[in-house]
Amino acid sequence: MTDSQTESSPEQQLDAARKAFEQEFERFARFTASDLETAVAEERAVADLRTRHLGKKSALAATKKLIGRVPPDQRAAFGQRVQAIEAGFTQSLDSAELSLKYYIQKERTARERIDVTLPGRRPRFGHRHPITLMRERLEDVFVALGYVIEDDREIETDFYNFTALNIPENHPARGWQDTFYTTDGFALRSQTSTVQIHAMQRRGVPVRMIAPGRVFRRDTPDPTHNPMFFQVEGLCVDRGITMAHLKGTVAEFLRRLFGPHTVTRFRPSYFPFTEPSAEFDFSCFKCKGSGCRICKNSGWIELGGSGMVHPNVLRTVGVDPQEYSGFAFGFGIDRMCALLYELDDIRLLFENDVRFLEKFR
Ligand SMILES: [Zn+2]
């Protein structure tokens, strides 16, 4: 503020503030936008004008502080004038801003309109990975059998990956299931059986679920092994569940996947978390049992492991093995994929080679 303004009366200062605004605003009152860039710049200028003439540090705001210098009988009138001028500024700025905004929006919409005469760019459609397709087929079969699909973490504690599954420390099974450990007691799960424990803790029993997912083993990659692969785990716990239910379920899902004439057989085996345990095979879907390359001329394809849930596993999740029993089974999704698509090397599934993956459209 200059000295002459400081010395002038409140009325004079108010007039000066009004004149200064009117002078500056004049070009906005007459402005008609002709292009988007100018309009955007003008919109910013209007905002700036608002700050300078209506803001806390504006000349108008300063005049409000001068009310004490106005003779008492004129104070009310002075106050009303300040308010009227302030309202005038606001109205002028609002209307300028509104017309600029309208113009800007109109121009932007026009620019974004699609030119239908331009030649199109054909998008490259993706598709699902063969393992995903296989997993979805399996999920459909089990959902139809009344199973829910469970998903859970891939990084596990020692408890869920081993101890809760009846594999205490120093148990030899820890050797052939060696996985990848982190420094603070966690490990990448070596089997989807961990989900059984989480699911029973979360849902309680009875339970019927499958858990498809990634698992990890410390394996050297070769045509039939990979350190990361996919498993699906099945669990059914209820009162009165027997080995017959297990055999019926496995036979049924294999029939639904490979056709009504598929035959299943069970061979006694050992797994720490089931007792008794069995591995299961099914009759070759390609040669129907007469022998071919896929079944290595045996007529049978080995698929997975199964058994009755070990009482210790049930006890771990607080289920009484006297009252409840259950069965569990598991097998490799990628192995099933390799069988169905006759892949000689399982690693093809993980190499992300588009030439290979495109065959599964
Ligand atoms: Zn065969």
Side-chain angles (χ1 to χ4, degrees), residues 126 128-143 147-169 171 173-204 207-222 224-237 271-274 303-307 309-310 313 316-317 326 328-338 343 346-353 357 360:
R128 278 165 296 179
H129 191 276
I131 290 179
T132 307
L133 295 170
M134 190 73 234
R135 195 198 73 214
E136 288 177 351
R137 271 180 74 178
L138 290 164
E139 287 178 355
D140 286 347
V141 167
F142 282 103
V143 166
Y147 282 66
V148 294
I149 295 157
E150 285 280 347
D151 193 15
D152 224 295
R153 62 215 82 180
E154 289 170 5
I155 298 176
E156 274 298 353
T157 59
D158 188 87
F159 174 78
Y160 284 98
N161 200 60
F162 293 119
T163 316
L165 291 163
N166 201 30
I167 314 175
E169 239 173 287
H171 192 288
R174 289 200 178 203
W176 49 260
Q177 284 208 4
D178 206 6
T179 178
F180 302 91
Y181 295 89
T182 67
T183 44
D184 40 7
F186 291 95
L188 296 180
R189 66 180 181 192
S190 60
Q191 54 205 345
T192 41
S193 307
T194 53
V195 188
Q196 289 184 16
I197 308 298
H198 286 296
M200 283 193 282
Q201 285 181 336
R202 201 166 43 229
R203 294 173 168 271
V207 65
R208 252 191 290 181
M209 52 146 269
I210 60 159
R214 271 187 202 85
V215 298
F216 307 84
R217 300 270 171 95
R218 223 183 59 184
D219 264 336
T220 310
D222 68 29
T224 53
H225 294 88
N226 201 58
M228 186 280 295
F229 54 103
F230 288 80
Q231 269 190 344
V232 61
E233 181 85 10
L235 173 74
C236 169
V237 176
F271 302 105
F273 32 87
T274 45
L303 188 64
S306 66
V309 180
H310 198 287
V313 174
T316 302
V317 292
F329 57 87
F331 53 91
I333 299 180
D334 15 35
R335 171 159 160 70
M336 199 174 241
C337 235
L343 308 177
I346 205 164
R347 290 173 293 186
L348 283 167
L349 291 167
F350 308 112
E351 281 168 352
N352 282 338
D353 187 334
L357 295 173
F360 298 92

- Message: Restricting to side-chain contact (heavy atoms from CB on, under 4.5 Å), what partner residues turn up for Arg347, sequence neighbours left out?
- Response: Pro221, Pro223, Asn226, Asp345, Glu351

Any idea which heavy atoms bring [X] and [Y] closest together, and the distance?
X      : Y      : value
Arg208 : Cys236 : CG-SG, 3.7 Å
Phe350 : Phe229 : CZ-CA, 4.2 Å
Glu139 : Pro212 : OE2-CG, 3.4 Å
Gly234 : Ile210 : CA-CG2, 4.1 Å
Leu235 : Ala328 : CD1-CB, 4.3 Å
Phe273 : Asn166 : CA-CB, 4.4 Å

- Task: Please say which of Glu150, Arg214, Glu154, Gln231 ends up in a side chain to side chain donor-acceptor pair (under 3.5 Å) with Thr192.
- Result: Gln231

- When the ring centroid of Phe360 is compared with that of His129, is the distance short of 6.0 Å? no

- Note on the structure: Applied to residues 328-338, the salt bridge (charged side-chain N to carboxylate O under 4.0 Å, His left out) test, sequence neighbours excluded, yields none

- Task: State, without any angle test, whether Gln196 and Glu233 hold a side-chain donor-acceptor pair at a distance under 3.5 Å.
- Result: yes

- Item | Donor-acceptor side-chain pairing of Asp222 and Thr220 below 3.5 angstrom | no

Are the side chains of [Y] and [X] in contact, using a 4.5 Å heavy-atom criterion?
X      : Y      : answer
His225 : Ile346 : no
Arg137 : Val141 : no
Arg153 : Thr194 : no
Arg203 : Met209 : no
Phe230 : Val215 : no

- Item | CA sep, side-chain torsions, deciding dist, call: Ser193, Phe271, side-chain contact (heavy atoms from CB on, under 4.5 Å) | CA-CA 11 Å; Ser193 307; Phe271 302 105; over 6 Å; no

- Message: How about CD1 on Ile155, more than 12 heavy atoms from neighbouring residues, nucleotides or ligands closer than 6.0 Å, or not?
- Response: no

- Task: Could you give me the CA-CA distance, side-chain angles and deciding distance for Leu188 and Arg218, then say whether side-chain contact (heavy atoms from CB on, under 4.5 Å) is met?
- Result: CA-CA 10 Å; Leu188 296 180; Arg218 223 183 59 184; over 6 Å; no

- Query: Where do Thr274 and Ser306 land on the side-chain contact (heavy atoms from CB on, under 4.5 Å) test, with the steps shown first?
  - Reply: CA-CA 7 Å; Thr274 45; Ser306 66; over 6 Å; no

- Query: Hey, which of Asp152, Val317, Val207 is the one that makes side-chain contact (heavy atoms from CB on, under 4.5 Å) with Arg202?
  - Reply: Asp152

- side-chain contact (heavy atoms from CB on, under 4.5 Å) between Leu138 and Ile333, intermediate numbers included: CA-CA 9 Å; Leu138 290 164; Ile333 299 180; 4.0 Å; yes

- Item | Spacing of Asn352 atom CG and Leu357 atom CG [to the nearest 0.5 Å] | 6.0 Å

- Item | Verdict with reasoning, Phe186 to Phe216, per ring-ring contact (aromatic ring centres under 6.0 Å, His included) | CA-CA 13 Å; Phe186 291 95; Phe216 307 84; over 10 Å; no

- Task: Using atom types as modelled and distance alone, determine if a side-chain donor or acceptor of Arg189 lies under 3.5 Å from a backbone N or O of Asn161.
- Result: no

- Message: In terms of relative ring orientation, are His198 and Tyr160 parallel, tilted or perpendicular, with 30° and 60° separating the classes?
- Response: parallel

